[in-house]
Amino acid sequence: ALHWIDDGPPRMPVSLLTPSHGDGTLSGPHLLFDELIWTVSDDHGDHRLLALRLKPETPSLPPPSLVGSAGDLGDDITLEPCRTEELLAVLIRGRPRGYSTEVALALRLADGWRTPIRASIPSDGFGLTCHGKTASLSWIDAQHEERVDPGAPPGSAVKGTYRLHRVRCADEGCAHRHTDVHLQRHSRASRYVVGDLGEAVMVLWRSPLGDVRARVAPLEALDQAPDTPLFDDEAHQGFAWELGRGAVFARDRTAIVVVKAPREGDYALYALRIDDSGRAAPVEVQVAGEQGPTTR
């Protein structure tokens, strides 16, 4: 049952039936902003995406609409949304199979949903971002790596060529572009991430000195862009860059990078805001019971 919450008088709950449309299994429903989304699968394992837009001014709910087929994504799927004022995008992600992931991307524009775009992404780690009327999938992988000092032991600093990919999808279709960047990193196991900032892209990595750096520029200019030191690592009283996978949230030409740092015997979360010019600033939040904002 759904309960509308607004400034008007109390309303009766609205019941919602989400039939499986046959003998298939049901995934969801998930409330993604103002849309209920769920999937059903047929006897062949094909997932179909259904949606129902919620409008508080409507006394009863209309029947759901069939957005389209997402293909065979296996039994373990996740739904990931992003939104702008002009777009709602839903990424249906299957479980990675090796270094490949089957996905389907559905876009809702002002006049309704588009048929899901199905793709096989050659990565098990990629992100979804939205800007204006476009949604992008971005990832980075190593093309070649070698130790900076050939005689150094395993776990030492490496240098290499890394390929950054961005698939940008809009109403007229998708375009795949990529570029190569050259980096020196703390070690082969050290993590590095990419974020889509609209016209610019961002790469974050840990240098051989231990500090975490950023490079922000349009895709074709990224390899020549200067490196910007962001913060020291945990060994130098900074942030624990290697602790967990961390999180990067990119929307509207800005990325929020969430990291951890030791605090009072445990770890506390902190966040940095990085814009498409490369400027970085700590995120200030208001904590209940405290006077004024504080950086956390």
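Not measured: the values here are computed from a predicted model.
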**OP:** Go through the steps to decide whether Thr254 and Ile274 satisfy the test side chain to side chain contact (heavy atoms under 4.5 Å, CB included), and finish with yes or no.
**Re:** CA-CA 6 Å; Thr254 302; Ile274 304 175; over 6 Å; no

**OP:** Mind running side chain to side chain contact (heavy atoms under 4.5 Å, CB included) on Leu54 and Leu31 for me, showing each step along the way?
**Re:** CA-CA 9 Å; Leu54 304 177; Leu31 179 59; 3.5 Å; yes

**OP:** Could you walk me through whether Leu66 and Leu49 pass side chain to side chain contact (heavy atoms under 4.5 Å, CB included), step by step?
**Re:** CA-CA 6 Å; Leu66 177 63; Leu49 180 67; over 6 Å; no

Original post:
Passes side chain to side chain contact (heavy atoms under 4.5 Å, CB included), Ile117 versus Cys174? Steps please.
Top reply: CA-CA 9 Å; Ile117 304 162; Cys174 296; 3.6 Å; yes

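Taking each heavy atom of Val67 and Ala51 in turn, the nearest pair found is CG2-CB, 3.7 Å. Nearest approach of Arg206 to Ser190, heavy atoms of both residues: CB-OG, 3.5 Å. Here the closest non-hydrogen pair linking Ala157 and Pro208 is CB-CB, 3.7 Å. Closest heavy-atom contact between Ala135 and Leu128: CB-CD1, 4.2 Å. Between Leu204 and Ala214, the shortest heavy-atom distance links the atoms CD2-CB, 3.4 Å. Of all non-hydrogen atoms in Gly74 and His47, the two that sit nearest each other are O-NE2, 2.8 Å.
Note: the hydrophobic cluster containing Val167 also contains Leu107 (ILVMFWY, side chain heavy atoms under 4.5 Å, direct or indirect links). In the hydrophobic cluster analysis, where Ile, Leu, Val, Met, Phe, Trp and Tyr join through side-chain heavy atoms closer than 4.5 angstrom, Phe33 is grouped together with Trp113. No chain of hydrophobic side-chain contacts below 4.5 Å, direct or via other Ile, Leu, Val, Met, Phe, Trp or Tyr residues, connects Met202 to Tyr192. Linking Ile, Leu, Val, Met, Phe, Trp and Tyr whenever their side-chain heavy atoms come within less than 4.5 Å leaves Ile256 and Val194 in two separate clusters. Tracing side-chain contacts under 4.5 Å through hydrophobic residues (I, L, V, M, F, W, Y), one reaches Val257 starting from Tyr270; they form part of the same cluster.
The number of heavy atoms from other shown groups lying within 6.0 Å of OH (Tyr99) does not exceed 12. For Glu86, the CD atom sits in a packed shell: over 12 heavy atoms of surrounding residues, nucleotides or ligands are nearer than 6.0 Å.
Judged as a side chain to side chain donor-acceptor pair (under 3.5 Å), the pairs with a partner in residues 218-229 (not counting sequence neighbours) are, in order, Arg177-Glu220, His182-Asp223, Arg215-Asp227.
By the 4.0 Å N-to-carboxylate-O rule, Arg253 lies too far from Asp275 to be salt-bridged with it. Taking 4.0 Å as the cut-off between side-chain N and carboxylate O, Arg108 and Asp34 count as a salt-bridged pair. The pair Arg114-Asp111 meets the salt-bridge criterion, with a side-chain N (NZ, NE, NH1 or NH2) lying under 4.0 Å from an Asp/Glu carboxylate O.
One side chain, Ser69 or Asp46, offers a donor N or O that lies under 3.5 Å from an acceptor on the other. For the 3.5 Å distance criterion, the side chains of Arg185 and Tyr162 qualify, holding a donor opposite an acceptor.
In this structure, the side chains of Cys130 and Arg83 stay at 4.5 Å or more apart for every pair of heavy atoms. In this structure, Val103 and Leu105 have side chains that are not in contact, with every pair of non-hydrogen atoms separated by 4.5 Å or more. Contact check for Leu79 versus Trp38: no side-chain heavy atoms found under the 4.5 Å cut-off. You'll find the side chain of Val216 stays beyond 4.5 Å of the side chain of Ser277, heavy atoms only. Side-chain contact between Leu73 and Ile92 is present, with heavy atoms from C-beta onward closer than 4.5 Å. Proximity of Leu222 to Val201: side-chain heavy atoms (C-beta onward) are separated by under 4.5 Å at one or more points. Taking 4.5 Å as the limit, every side-chain heavy atom of Val193 sits out of range of all side-chain heavy atoms of Val203. Counting heavy atoms from C-beta outward, Leu219 and Leu164 have side chains that approach closer than 4.5 Å.
The CD atom of Glu146 lies 9.5 Å from the CZ atom of Arg188; values are rounded to the nearest 0.5 Å. For the atom pair NZ of Lys260 and CD of Glu242, the computed distance is 13.5 Å after rounding to the nearest 0.5 Å. For the atom pair Ile77 CD1 and Arg95 CZ, the distance stands at 12.0 Å (nearest 0.5 Å). With rounding to the nearest 0.5 angstrom, the CG atom of Leu197 is 8.0 Å from the OG1 atom of Thr129. Once rounded to the nearest 0.5 Å, the distance linking OG of Ser207 with NE2 of His186 reads 7.5 Å. Within the model, atoms CG of Leu183 and CZ of Arg213 stand 10.5 Å from one another, a figure rounded to the nearest 0.5 Å.
Looking at Glu145, its side chain never comes within 3.5 Å of a backbone N or O of Val158 through a donor-acceptor pair. Remark: side-chain polar atoms of Arg263 are not paired, donor with acceptor, to backbone N or O of Tyr267 under 3.5 angstrom. The closest donor-acceptor contact from the side chain of Ser136 to the backbone of Arg166 lies at 3.5 Å or more, if one exists at all. In this structure a side-chain-to-backbone donor-acceptor pair under 3.5 Å is present from Arg168 to Gly198. The main-chain N or O of Arg97 is never found under 3.5 Å from a side-chain atom of Ser100 such that the two would form a donor-acceptor pair. Between the side chain of Arg147 and the main chain of Ala152, a donor-acceptor pair closer than 3.5 Å is present. Looking only at distances, no side-chain donor or acceptor of Asp232 sits under 3.5 Å from a matching main-chain atom of Ala235. In this structure a side-chain-to-backbone donor-acceptor pair under 3.5 Å is missing from Gln143 to Arg163. Under the 3.5 Å distance criterion, the side-chain polar atoms of His131 are matched with a main-chain donor or acceptor of Asp196. Side-chain atoms of Arg191 come within 3.5 Å of backbone N or O of Trp241 as a donor-acceptor pair.
Aromatic ring orientation, Phe239 versus Phe231: perpendicular (interplanar angle above 60°, classes split at 30° and 60°). Below 30°, between 30° and 60°, or above 60°: for Trp139 and His165 the angle between ring planes is below 30°, a parallel geometry.
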